[in-house]
Amino acid sequence: MGMTGPGPDCPEIRRALKPNAGSIPRVMLVVDRSWSMLQDQDRWTPIQNALTQVTEALDGQVKFGLVVFPNPSPIGNPDPAMFGACLASGRGQLDCEESYEACAPGVVVVEPALNTSAAIVQQLQEKRPTPNQGTPTASALIAAGNKLLENPGPNDFVIVATDG
């Protein structure tokens, strides 16, 4: 079932994203790629399909950008003292690794611009969820917000796709 744009049941979304002269909307997509997106139930495929359809339908009308989190994956070896303190507190190794990775800085992987759908689709295909990652939602949101704040406009949006 193809999608050509926002459906007739969503006039408020269509109105909000319809560009005015000189004011094209910018939308930063912030997408969770932690393992829980696939672990018990596949939440990744529906999100990937929906974002593909939306970005393709509005490709030349909306400036889409993308932040996936966690990114990079994994962030490297934790500080030995901090990691040792975490383990000494009685938490398990996996729990300490996830806590450390939850602080990974957010990274914009696709700059907000017109006609970025192909780049976004490619990133979503390449950066599928993998095990043993944290979920640095806060830093991903900060990265998306900071990108929009570089040149703020009246039609800036952040859309978060996560399982919780």
Side-chain angles (χ1 to χ4, degrees), residues 1-75 98 101-164:
M1 179 168 143
M3 182 174 173
T4 59
D9 297 333
C10 301
E12 64 282 352
I13 293 173
R14 182 182 303 246
R15 195 168 34 256
L17 294 179
K18 183 176 181 182
N20 299 326
S23 182
I24 295 175
R26 291 186 308 161
V27 177
M28 290 301 301
L29 302 170
V30 179
V31 181
D32 181 356
R33 62 181 292 266
S34 64
W35 184 240
S36 64
M37 296 294 286
L38 284 175
Q39 188 172 17
D40 295 323
Q41 177 182 349
D42 182 359
R43 296 173 185 95
W44 180 256
T45 301
I47 285 174
Q48 186 178 15
N49 291 342
L51 293 179
T52 296
Q53 290 177 354
V54 169
T55 59
E56 287 176 352
L58 298 172
D59 206 19
Q61 301 169 8
V62 175
K63 294 180 178 180
F64 286 106
L66 177 66
V67 174
V68 292
F69 66 97
N71 186 64
S73 166
I75 63 172
E98 287 181 348
E101 291 171 356
C103 297
V107 177
V108 175
V109 295
V110 176
E111 294 286 325
L114 293 175
N115 304 310
T116 57
S117 179
I120 289 170
V121 169
Q122 179 180 354
Q123 288 292 321
L124 294 176
Q125 289 171 348
E126 291 177 1
K127 292 185 167 53
R128 292 181 55 78
T130 56
N132 301 323
Q133 297 180 343
T135 310
T137 311
S139 65
L141 286 169
I142 290 168
N146 285 341
K147 178 52 66 177
L148 293 175
L149 286 173
E150 288 176 5
N151 184 20
N155 289 324
D156 290 345
F157 301 91
V158 175
I159 297 175
V160 180
T162 183
D163 63 340

Using 0.5 Å steps for rounding, measure from the CG atom of Leu124 to the CD1 atom of Ile47.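 Here the interatomic distance stands at 9.5 Å.
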
Enter the distance from Asn115:CG to Leu58:CG here, rounded to the nearest 0.5 Å. 11.5 Å

Minimum heavy-atom distance [X]-[Y], with the two atoms named:
X      : Y      : value
Ser117 : Thr52  : OG-O, 4.2 Å
Lys63  : Leu114 : CG-N, 3.7 Å
Trp35  : Pro129 : CZ3-O, 3.7 Å
Val109 : Lys127 : CG1-CE, 4.2 Å
Pro25  : Phe157 : CB-CE1, 4.3 Å

Of all residues at least two apart in sequence or in a different chain, which pass the side-chain hydrogen bond (donor to acceptor under 3.5 Å, both in side chains) check with Gln125? none

Test side-chain hydrogen bond (donor to acceptor under 3.5 Å, both in side chains) applied to Thr162 - qualifying residues, sequence neighbours left out: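 Listed in chain order: Asp32.
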
Please examine the side chains of [Y] and [X], heavy atoms only from C-beta on, and report whether any two atoms are closer than 4.5 Å.
X      : Y      : value
Pro70  : Arg33  : yes
Met28  : Val108 : yes
Pro112 : Thr116 : no
Phe64  : Leu29  : yes

Which is it for Leu141 and Phe69 under the side chain to side chain contact (heavy atoms under 4.5 Å, CB included) test, yes or no, and what are the steps along the way? CA-CA 9 Å; Leu141 286 169; Phe69 66 97; over 6 Å; no

Considering only residues two or more places apart or on different chains, which pairs with a residue in residues 146-164 satisfy salt bridge (Lys or Arg N to Asp or Glu O under 4.0 Å)?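 Every salt bridge (Lys or Arg N to Asp or Glu O under 4.0 Å) pair that includes a residue of residues 146-164, provided the two are not neighbours, is Arg26-Asp156, Arg43-Asp163, Glu111-Lys147, Lys147-Glu150.
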
Answer yes or no: is there a donor N or O on one side and an acceptor on the other, between the side chain of Thr45 and the main chain of Asp42, under 3.5 Å?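 Looks like no, no N/O pair under 3.5 Å.
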
